[in-house]
Amino acid sequence: MADSSKEESVQLLKKFGAYLTLKMSNLFSISPDNLSSRSLGTVAGLAIALFLTWRLLRTPTGQQRRQPKRQAPTTSSSGVNTHPNTAVVSSSSDDSRAQYVIDEFFQPVKPTLSQIVRQKLSDGRKVTCRLVGVVLEESSPEELQKQATVRSSVLEVLLEITKFCDLYLMERILDDESGERVLLALEEAGVFTSAGLVKDKVLFCSTENGRTSFVRQLEPDWHIDSNPEIISQLSRFIKYQLHISPSRSELTAPNVYSSPNLEQFFGFSDRN
C-alpha cells in the first residue's frame, strides 16, 4: 500500500514538473524588455517549485522502509482479474489531482490599482489633465461660477497617478472666484495633503487655446481632456491622449484613447 501511494505521488510530481518545465520555457521565450514585474515574480515562483519537485523526485526509492510481504489477492472463481480497471481509475484520479494542483498554483493574481495605473500610462512621468468633466462634477466653466465639486469616484485614481507622475490640472475659468472654488474643493478632498500635487500645479486660463498652450509648453507623456477639438489639435504633439466622453467617440489618431470617465479607463469601476 505504501509503495502504491509513493508511486502515485511520484507520478503526480512528474506531471506537475513537466507542466512547470513547459511554463518556464514559455516565459523565458519572452524578451527581457517585455517582462513585467508580475512575469518576473511568476518566473521566480516557477523556479522554486521546479527545484522542490526535482528534490522530491530524486529521493532514492531504496530508502523506503521495507514493508512485510502480503499475500497475493485471491481471484474470483470466474478467473476475472479486476486490477486493469483499478489502474484505469487510479490514472484518472492522478490526472485530476495533477490538474487541480496546477490550477491552484497558476491561479491568476488580481493586480493592484497602482499596478494598473502604471501599466495603462505606460510608465509615463508627466500627465496633464482637464478639471471640468474629468475630475470635477461640473461640466462647464459657467457652472464653476456657482460651485466646484470633486468627483469622489475619481479621487483614488487621481491620487495613484500623483504617486509616480508629475501631474498638472488645468481649466478655463470665467472669473477669479471660480479658480478659488476649484482650489478649495481640491483641498477639502485631500488632493494637496495626500498626494504629490501642489496648488502651483493647478493652472487656470481664460480661453480654450490657453489650455492648449499650457499642454504644449509642459510636453507631457499623457494629456486627458473632454474637449474633442483640443484632443485633435494636440494629437500631433503629445505622445498619448485620453478623451473623456460619455458617448463612444471615434478615435482621431492611433495615440488617442477614449473612455466614459477616468476611473473606467483604469478599470477601477469594475473593482468596486
- Task: Using atom types as modelled and distance alone, determine if a side-chain donor or acceptor of E177 lies under 3.5 Å from a backbone N or O of Q145.
- Result: no
- Item | Side chain proximity check, C129 to L169, heavy atoms < 4.5 angstrom | yes
- Query: Can you hop from F192 to I161 via hydrophobic side chains spaced under 4.5 Å?
  - Reply: yes
- Task: Show your reasoning for whether side-chain contact (heavy atoms from CB on, under 4.5 Å) applies to D221 and L121.
- Result: CA-CA 8 Å; D221 299 298; L121 294 181; over 6 Å; no
- Note on the structure: Separation between CD (E142) and CG (L174), nearest 0.5 Å, reads 5.0 Å
- Query: Are there more than 12 heavy atoms of other residues, nucleotides or ligands under 6.0 Å from atom CZ of R151?
  - Reply: yes
- Tell me, do I244 and F265 make a side-chain contact under 4.5 Å, heavy atoms counted? no
- Item | Check against side-chain contact (heavy atoms from CB on, under 4.5 Å), L144 and D175 | CA-CA 9 Å; L144 295 180; D175 51 43; over 6 Å; no
- Message: Can a donor-acceptor pair be found, under 3.5 Å and without considering hydrogens, that links the side chain of D225 to the backbone of I231?
- Response: no
- Task: Answer yes or no: does atom CD of Q119 have more than 12 heavy-atom neighbours from other residues, nucleotides or ligands under 6.0 Å?
- Result: no
- Evaluate side-chain contact (heavy atoms from CB on, under 4.5 Å) for R125 paired with F164, printing each intermediate quantity in order. CA-CA 7 Å; R125 303 306 300 172; F164 64 94; 3.8 Å; yes
- Taking S245 for the side chain and S247 for the main chain, is one N or O donor matched with an acceptor at less than 3.5 Å? yes
- Message: Hydrophobic cluster membership, with links at side-chain heavy-atom distances under 4.5 Å among I/L/V/M/F/W/Y: are L183 and L131 in one?
- Response: yes
- Query: Hey, quick one: are I230 and Y240 part of the same hydrophobic cluster, counting side-chain heavy atoms closer than 4.5 Å, chains of contacts allowed?
  - Reply: no
- Message: Applying the side-chain contact (heavy atoms from CB on, under 4.5 Å) criterion to P220, which one of I238, V127, L167, L234 satisfies it?
- Response: I238
- N/O donor-acceptor pair under 3.5 Å between Q264 side chain and N261 backbone: no
- Task: Measure the spacing between NZ of K163 and CG of L158 and express it to the nearest 0.5 Å.
- Result: 11.5 Å
- Message: So which atom in S140 and which in V132 form the shortest heavy-atom distance, rounded to 0.1 Å?
- Response: N-CG1, 3.3 Å
- Item | Heavy-atom side-chain contact between F214 and Y168 under 4.5 Å | no
- Message: To the nearest 0.5 Å, what is the distance between CD on Q233 and CD on E208?
- Response: 9.5 Å
- Message: Measuring only between side-chain heavy atoms, which start at C-beta, is F237 closer than 4.5 Å to V215?
- Response: no
- With side chains defined as the heavy atoms from C-beta onward, is the minimum distance between V202 and V191 less than 4.5 Å? no
- What is the minimum heavy-atom distance between A253 and S235, and which atoms define it? CB-CB, 4.1 Å
- Task: Using side-chain hydrogen bond (donor to acceptor under 3.5 Å, both in side chains) as the criterion, list what pairs up with S206, not counting sequence neighbours.
- Result: none
- Message: Just verifying a value: how many Å separate F266 CZ and S259 OG, rounded to the nearest 0.5 Å?
- Response: 9.0 Å
- Message: Against T128, only a single residue in Q217, H223, R211 fulfils side chain to side chain donor-acceptor pair (under 3.5 Å); can you say which?
- Response: H223
- Measuring from I224:CD1 to L242:CG, what's the distance to the nearest 0.5 Å? 5.5 Å
- Is there a side-chain contact between M170 and C205, using heavy atoms and a 4.5 Å cut-off? no
- Does one hydrophobic cluster hold both L159 and I116, with members joined at side-chain heavy-atom distances below 4.5 Å? yes
- Can you list the residues that meet the side-chain hydrogen bond (donor to acceptor under 3.5 Å, both in side chains) rule with K201, with sequence neighbours excluded? D166
- Task: Please determine if E187 and K199 form a salt bridge, counting it only when a charged side-chain N lies under 4.0 Å from a carboxylate O.
- Result: yes
- Task: Would you name the heavy atoms of V154 and V135 that are closest together and state the gap between them?
- Result: CG1-O, 3.9 Å
- side-chain hydrogen bond (donor to acceptor under 3.5 Å, both in side chains) with R130: which residues, sequence neighbours excluded? E171, S226
- Message: Please report the interatomic distance CD(E143) to OG(S178), rounded to the nearest 0.5 Å.
- Response: 11.0 Å
